[in-house]
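One structure is given here, and the rest of the page talks about it.
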Protein chains: 2
Amino acid sequence: MLSKSAEYALRATIYIALKGSEDNKLGIDEIAKAIDSPQYFTAKILQLLTKNNGVVSSVRGPNGGFYLSDAARKLPVRAVLEAVGEDGIITKCVLGLKECSESRPCPMHDQYRAIKAQLRQMFEKTTIQALAEESAKGKIVINNRPPKKKA
Amino acid sequence: MLSKSAEYALRATIYIALKGSEDNKLGIDEIAKAIDSPQYFTAKILQLLTKNNGVVSSVRGPNGGFYLSDAARKLPVRAVLEAVGEDGIITKCVLGLKECSESRPCPMHDQYRAIKAQLRQMFEKTTIQALAEESAKGKIVINNRPPKKKA
DNA sequence: TAAAATAAAGATAAAAATATCTTTTATTAG
DNA sequence: CTAATAAAAGATATTTTTATCTTTATTTTA
Ligand code: FES
Ligand code: FES
């Protein structure tokens with residue numbers, strides 16, 4: 001479905017939205033551990049997210065790290081996909097034809113149309129903040145670590 | 001969304017269903033041209049489809065080639081995905097967590113649930129034959145070549 | 001101002017996916 | 001039985017993705 005890059009990008013962004021703020025910036029080591037991703041690779045991805053369209057903000061030096069501006073929190077999830085070049089999922093033909101269109105539909109187009117619209121809706125109408133809030137409420141999980149044992 | 005392998009697998013299978021039969025087997029060169037795919041790579045994929053679960057049948061030698069049995073035509077599209085190891089699209093977590101479950105949902109799980117169910121429905125309830133029939137009726141297209149000019 | 005912290009940038013490596021070419025095997029037609 | 005045909009199998013190559021390591025630049029604090 002999505003590339004590893006996109007998955008890490010989404011998980012990292014959600015985590016930063018959830019735990020970080022302008023005066024509590026998060027380090028790459030913390031982030032990678034929290035979302036269970038390879039640290040160096042995740043760092044590269046966060047660079048994309050800061051450069052490509054400012055989804056993520058960063059500062060270097062002591063107490064530096066990553067955080068999300070208020071504006072960034074309101075961005076649609078699609079912005080994250082775009083930053084890592086993965087928004088094809090809501091534009092491309094499911095059979096890999098160069099164009100997905102009503103005028104030259106592939107054999108799956110009719111069936112896929114509605115699904116694609118929902119994918120688009122999901123990625124465009126959902127904000128980063130909304131996912132963070134979803135994540136904040138309870139049992140929602142963002143990594144692969146086993147659940148904490150009850151004491 | 002899907003890998004190139006899966007895309008070629010689907011397009012090839014649909015084409016074979018549409019144009020081939022037990023007494024009109026199709027050669028790999030024809031198939032690759034028809035679906036606009038790299039010939040040798042497509043050959044490898046068809047090998048998977050013949051070995052892994054008999055979606056496609058083949059015979060060597062003169063007048064040999066690929067075709068679909070009547071039984072194969074009734075298989076769900078998912079069988080093609082399985083043969084190329086790409087059915088994760090209807091099982092995996094959209095954020096790449098090891099498990100997608102109600103008990104440990106990721107932040108997108110609630111929204112993705114319905115979409116995933118529809119993807120599953122599409123790939124499991126649609127038969128190869130159904131796609132071929134869809135393809136047979138008119139303007140449906142399965143390659144990237146420009147439309148034929150009206151004379 | 002020096003040292004430490006931290007991300008950015010750049011270089012390299014490893015793995016996976018995609019693609020091509022060559023050799024072998026099965027099948028058919030003659 | 002032989003030659004021709006076509007897929008299967010195997011080998012190799014290329015590209016892309018994923019991952020890691022090293023060096024540099026920036027920022028803060030002491
Ligand atoms: S043309 Fe294939 S999904 Fe639209
Ligand atoms: S847990 Fe992520 S989609 Fe179900």
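Reminder, nothing fancy here: chain letters follow the sequence lines and each chain counts from 1.
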How would you list, by chain and number, every residue that makes a side chain to side chain contact (heavy atoms under 4.5 Å, CB included) with N143(B), sequence neighbours excluded?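 Testing N143(B) for side chain to side chain contact (heavy atoms under 4.5 Å, CB included), a comparison that skips the adjacent residues, returns R104(A), D36(B), V141(B), R145(B).
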Tell me: [atom1] of [X] to [atom2] of [N], nearest whole Å?
X      : N       : atom1 : atom2 : answer
D23(A) : dT28(D) : CG    : C1'   : 16 Å
E22(A) : dT27(D) : CD    : P     : 14 Å
N24(A) : dT6(C)  : CG    : P     : 12 Å
Y67(B) : dA6(D)  : OH    : P     : 16 Å
L48(B) : dG10(D) : CG    : P     : 13 Å
K51(B) : dT25(C) : NZ    : P     : 15 Å
I16(A) : dT6(C)  : CD1   : C1'   : 14 Å
I45(A) : dA9(C)  : CD1   : P     : 15 Å

May I ask you to decide whether K25(B) forms a salt bridge with E22(B), counting only side-chain N to carboxylate O separations under 4.0 Å?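 Salt bridge flag = no for E22(B) with K25(B).
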Should E102(B) and R113(B) count as an ion pair when the cut-off is N to O under 4.0 Å?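 Judged by the 4.0 Å cut-off on N to carboxylate O distance, E102(B) and R113(B) do form a salt bridge.
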State, to 0.1 Å, how close N144(B) and G96(A) come at their nearest heavy-atom pair, and which atoms those are.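 For N144(B) and G96(A), the tightest heavy-atom pair comes out as ND2-O, 4.4 Å.
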Ignoring hydrogens, what is the shortest heavy-atom contact between A12(A) and I31(A)? Give both atom names and the distance.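 Looks like CB-CG2, 4.0 Å.
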Sugar-phosphate, base or nothing in reach of L26(B), heavy atoms under 4.0 Å: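 Sugar-phosphate, no base atom in range.
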Mind checking if L46(B) touches a base, just sugar-phosphate, or nothing, with heavy atoms under 4.0 Å?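 No contact at all - L46(B) keeps every heavy atom at 4.0 Å or more from the nucleic acid.
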Should K44(A) and Y8(A) count as side-chain neighbours, where that means a heavy-atom distance under 4.5 Å?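 SC-SC contact between K44(A) and Y8(A) ruled out.
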Min side-chain heavy-atom separation Y40(A)-I28(A) under 4.5 Å: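 No, side chains not in contact.
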Given DNA chain D, 5'-ward residue of the pair V59(B) and P62(A), judged by closest heavy atom: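 Between the two, 5'-proximity favours V59(B).
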Ignoring hydrogens and angles, answer whether the base of dA9(C) and the side-chain atoms of Q47(A) contain a donor-acceptor pair closer than 3.5 Å.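 Such a pair is found, so the answer is yes.
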Side chain of F66(B), heavy atoms from C-beta onward: which of dA8(D), dA7(C), dA4(D) has the nearest atom to it?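 The nucleotide sitting nearest to the side chain is dA8(D).
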OP1 or OP2 of dA8(C) less than 4.0 angstrom from a side-chain nitrogen or oxygen of S58(A), does that happen here?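 Answer yes for this pair, as a side-chain N or O of S58(A) is under 4.0 Å from OP1 or OP2.
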Any side-chain N or O of N63(B) less than 4.0 Å from the OP1 or OP2 oxygen of dA29(C)?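 Indeed, a polar side-chain atom of N63(B) lies that close.
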Mark up nucleotides 14-24 of chain D, 5' to 3', with B wherever a protein heavy atom is under 4.0 angstrom from a base atom, S wherever such an atom reaches only the sugar-phosphate, and - elsewhere. ----BBBBB--
